[in-house]
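Down below is the structure, laid out as structure tokens.
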Amino acid sequence: MEQSIEKIAGILLDEGINSNIQYSITAYSLNTKLSFKFENATDLLALLKQTDATSNPDKALIEKAIIDAGLNPEQFFYVNFFKEKVTEL
């Protein structure tokens with residue numbers, strides 16, 4: 001991985017993203033500070049397990065999401081994280 005799991009986890013935490021993590025999986029980077037390249041599904045799963053204590057990510061579901069995005073879970077892809085949107089009344 002270009003950036004270590006620990007470094008990415010730290011960036012997400014600094015941005016206030018530490019539970020209910022929301023992201024999109026794409027073949028490209030959005031060129032934001034919350035866009036990261038992952039070498040495979042295993043790397044993404046490791047990050048999600050480390051950073052999101054409220055969920056128990058399932059490898060099969062992660063791989064399905066990658067395949068649904070038209071990508072191979074064993075090849076590199078980008079994950080673009082974003083903060084949860086809060087609707088104001």
Exercise answer: donor-acceptor pairs, residues 58-74 side-chain atoms, under 3.5 Å, sequence neighbours excluded:
| residue | atom | partner | partner atom | Å |
| --- | --- | --- | --- | --- |
| Asp58 | OD1 | Ala60 | N | 2.9 |
| Asp58 | OD1 | Leu61 | N | 3.0 |
| Lys59 | NZ | Thr42 | OG1 | 3.4 |
| Lys64 | NZ | Asp68 | OD2 | 2.8 |
| Asn72 | OD1 | Glu74 | N | 2.8 |

[Y] and [X], any side-chain heavy atoms less than 4.5 Å apart:
X	Y	value
Val79	Leu44	yes
Thr51	Ile5	no
Phe38	Asn40	no

Q. Are Ile11 and Phe82 linked, directly or through other ILVMFWY residues, by side chains that come within less than 4.5 angstrom of each other?
A.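 Not linked; separate clusters.
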Q: Grab the two heavy atoms, one from Tyr23 and one from Phe81, that are nearest each other, plus how far apart they are.
A: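 In terms of heavy atoms, the two residues are closest at CB-CD2, 3.7 Å.
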Q. Could you give the distance from CZ (Phe76) to NZ (Lys37), rounded to the nearest 0.5 Å?
A.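 That separation rounds to 5.0 Å.
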(Q) Return the OH to OG1 distance between Tyr78 and Thr26, rounded to the nearest 0.5 Å. (A)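 Separation between the atoms: 8.5 Å.
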Q.
Can a side-chain donor-acceptor contact be found between Ser29 and Asn80 if the only test is distance below 3.5 angstrom?
A.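 Side-chain D/A pair, Asn80 to Ser29: absent.
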(Q) Please check: side-chain N/O of Lys83 versus main-chain N/O of Glu15, any donor-acceptor pairing under 3.5 Å? (A)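 Indeed, once roles are kept as given, a pair shorter than 3.5 Å links the two residues.
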**Q.** Donor-acceptor contact below 3.5 Å, side chain Asp43 vs main chain Ala46
**A.**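 A pair under 3.5 Å: no.
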Q: Apply side-chain contact (heavy atoms from CB on, under 4.5 Å) to Gln50 and Glu6, showing your working.
A: CA-CA 8 Å; Gln50 180 174 335; Glu6 292 79 21; 4.1 Å; yes
